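If you're wondering where the values come from, they're calculated on a predicted model, not measured in any experiment.
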Amino acid sequence: MLISRAARSTALIFVTLSVPLYLLHLNFNIISIGLIYLFVSLSTVAISLGIGILGDRIGFRKAMVIGELPAWIITAALAFSTNIHLILAGVILSGAAGSPGAMRGAMSPGINAYIASNWPEDKQRVYHMALITSVASAFSILGTLMLYSQGYLGLYYGIIGSFRLLYGISFILIVTSTLSLLMLKEKPVQRKSNVIMRKSSGKHVLKVAASNAVNGAGIGLSIVLLPAWYELRYGITPSQVGLAFLGSYVASAIGGYFAIKFMSSRDQGVLRIASITRFLQGAVLIGMAFSPFVWMAVAFYTTRTFIAGFGIPSRNAVNVSGIQDGDFGAGTSIQGISARAFQGSSGVSGYLMDFYLPFPIILGGAIQAFSGILYYKLMKK
């Protein structure tokens with residue numbers, strides 16, 4: 001699993017960081033890119049739900065292997081085609097070009113269900129999710145270095161050619177991730193044939209989904225188009241955008257490491273950690289929006305990703321705690337798609353950037369901070 005997450009994170013972080021920039025250099029404007037990402041979010045919803053429900057029936061290892069296909073599609077389309085229609089089809093239909101957060105490569109359809117099914121205790125789940133978070137975040141650094149190398153490769157292959165070469169490397173990494181998943185083992189799952197989810201699990205899932213929907217709207221506004229925002233706001237190159245994200249992935253890896261140590265050394269309130277960290281992620285974004293200098297914006301975003309790396313393992317443990325065995329696939333998928341569907345707010349983000357560049361970051365941060373409060377209110381009982 002860790003080998004898979006390492007390879008997947010390297011590839012998908014490069015893809016998610018670079019696609020908005022690649023589209024800018026293919027002469028798309030920021031409004032058009034925002035609308036493209038609206039359709040990306042819709043594809044992601046369909047893929048995530050389908051893989052989750054399938055996992056409850058065939059097992060989560062097999063479901064995760066099938067869930068790698070969208071990453072194959074997008075990396076192959078970007079690496080091996082110069083046809084703009086095929087490129088757009090690959091980006092949209094794969095649903096794989098999403099938020100460039102450190103968890104992008106770690107989280108795939110079925111991963112939460114796999115962990116919940118194999119480790120029943122909250123503390124075990126937090127530990128394993130924190131370990132995956134830390135490793136995936138660490139290898140996300142390589143994804144940013146790939147984007148940084150584009151500036152040098154561009155001298156020899158041109159801007160478009162250098163991007164395509166790096167997408168080819170990403171394709172090889174996705175193949176490596178898939179092969180690693182094939183070697184996983186898992187406990188036998190309680191397979192279902194006709195019921196999507198039991199009522200007792202559904203109540204818990206809907207509470208999480210409501211909070212995730214609000215949070216997803218905030219992320220769609222503020223984070224999905226963040227690489228393009230950096231370039232437009234501060235006039236930096238794609239290579240420099242890679243450097244801007246480098247420290248954030250280091251911080252996320254450190255946050256995941258501290259989550260491991262924190263949870264193993266004491267019995268803390270998992271819900272409290274999950275809620276406070278989500279609130280702080282949004283609050284820090286508001287400060288980032290008002291940053292007059294790129295180094296200041298990078299510092300704010302790096303702080304945010306440390307908080308995210310520390311809080312996500314606890315939040316995932318809370319999210320699966322009320323789901324019964326046999327419902328993990330459908331339950332975690334519905335929780336995930338509620339966030340991904342509302343990341344379609346990125347379509348509005350492009351318009352807001354065109355109106356006033358800091359505005360989507362301010363609004364998105366405020367929405368995410370509110371989602372942290374809502375999460376605690378909904379889950380405390």
State, with a plain yes or no, whether a side-chain heavy atom of [X] is found less than 4.5 Å away from one of [Y].
| X | Y | value |
| --- | --- | --- |
| Arg164 | Leu78 | no |
| His25 | Pro238 | yes |
| Leu173 | Phe14 | no |
| Phe163 | Ser18 | yes |
| Gln124 | Asn118 | no |
| Leu23 | Val19 | yes |
| Phe28 | Leu88 | yes |
| Tyr22 | Val91 | no |

Around atom CZ of Phe139, are there more than 12 heavy atoms of other residues, nucleotides or ligands at under 6.0 Å?
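No, not enclosed.
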
Hydrogens and angles aside, do [X] and [Y] bring a side-chain donor and acceptor to less than 3.5 Å of each other?
| X | Y | answer |
| --- | --- | --- |
| Thr178 | Trp72 | yes |
| Arg278 | Ser211 | yes |
| Ser239 | Gln150 | no |

Which value, rounded to the nearest 0.5 Å, describes the distance between [X] atom [atom1] and [Y] atom [atom2]?
| X | Y | atom1 | atom2 | answer |
| --- | --- | --- | --- | --- |
| Leu12 | Leu17 | CG | CG | 10.5 Å |
| Leu226 | Thr16 | CG | OG1 | 11.0 Å |
| Asn319 | Ser321 | CG | OG | 7.5 Å |
| Arg315 | Ser275 | CZ | OG | 8.0 Å |
| Ile13 | Thr144 | CD1 | OG1 | 8.5 Å |
| Leu225 | Met353 | CG | CE | 4.5 Å |

Quick one: do Ile66 and Ile58 satisfy side chain to side chain contact (heavy atoms under 4.5 Å, CB included)? Show the steps, please.
CA-CA 11 Å; Ile66 296 171; Ile58 67 172; 4.0 Å; yes

Side-chain ([X]) to main-chain ([Y]) donor-acceptor, under 3.5 angstrom:
| X | Y | result |
| --- | --- | --- |
| Ser162 | Leu153 | no |
| Arg61 | Leu182 | yes |
| Ser349 | Leu221 | yes |
| Gln240 | Thr237 | yes |

Parallel, tilted or perpendicular: ring planes of Phe310 versus Phe306, cut at 30 and 60 degrees
parallel

Honestly curious: do [X] and [Y] fall in one hydrophobic cluster under the side-chain, below-4.5 Å linking rule?
| X | Y | value |
| --- | --- | --- |
| Ile159 | Ile84 | yes |
| Leu179 | Ile132 | yes |
| Leu21 | Ile160 | yes |
| Met296 | Val241 | yes |
| Leu166 | Ile73 | no |

[X] and [Y]: which non-hydrogen atoms are nearest, and at how many Å?
| X | Y | answer |
| --- | --- | --- |
| Tyr156 | Tyr152 | CD1-O, 3.5 Å |
| Ser177 | Arg8 | OG-CB, 3.7 Å |
| Ser291 | Phe300 | OG-CD1, 3.3 Å |
| Ser170 | Ala11 | O-CB, 3.6 Å |
| Tyr234 | Met288 | OH-O, 4.4 Å |
| Ala71 | Thr75 | O-OG1, 2.7 Å |

Taking only residues two or more places apart in sequence or in another chain, which ones pass ring pair (Phe, Tyr, Trp, His ring centres under 6.0 Å) with Tyr230?
Phe245

Do Leu357 and Trp229 pass the side chain to side chain contact (heavy atoms under 4.5 Å, CB included) test, and can you show the C-alpha distance, the side-chain angles, and the key distance before you say yes or no?
CA-CA 7 Å; Leu357 273 171; Trp229 184 82; 4.0 Å; yes

Is there a side chain to side chain contact (heavy atoms under 4.5 Å, CB included) between Leu285 and Ile223? Walk through the geometry before answering.
CA-CA 9 Å; Leu285 277 178; Ile223 303 298; 3.8 Å; yes

Verdict with supporting geometry, Lys380 and Arg272, side chain to side chain contact (heavy atoms under 4.5 Å, CB included)
CA-CA 9 Å; Lys380 66 179 180 179; Arg272 202 176 313 130; over 6 Å; no

Can we call the ring centroids of Tyr376 and Phe279 under 6.0 Å apart?
no

Could you go through residues 360-368 and list every donor-acceptor pair under 3.5 Å that involves a side-chain atom there, pairing it with any protein atom two or more places apart or in another chain?
from, atom 1, to, atom 2, distance (Å)
Gln368, OE1, Arg304, NH2, 3.2
Gln368, NE2, Asn215, OD1, 2.9

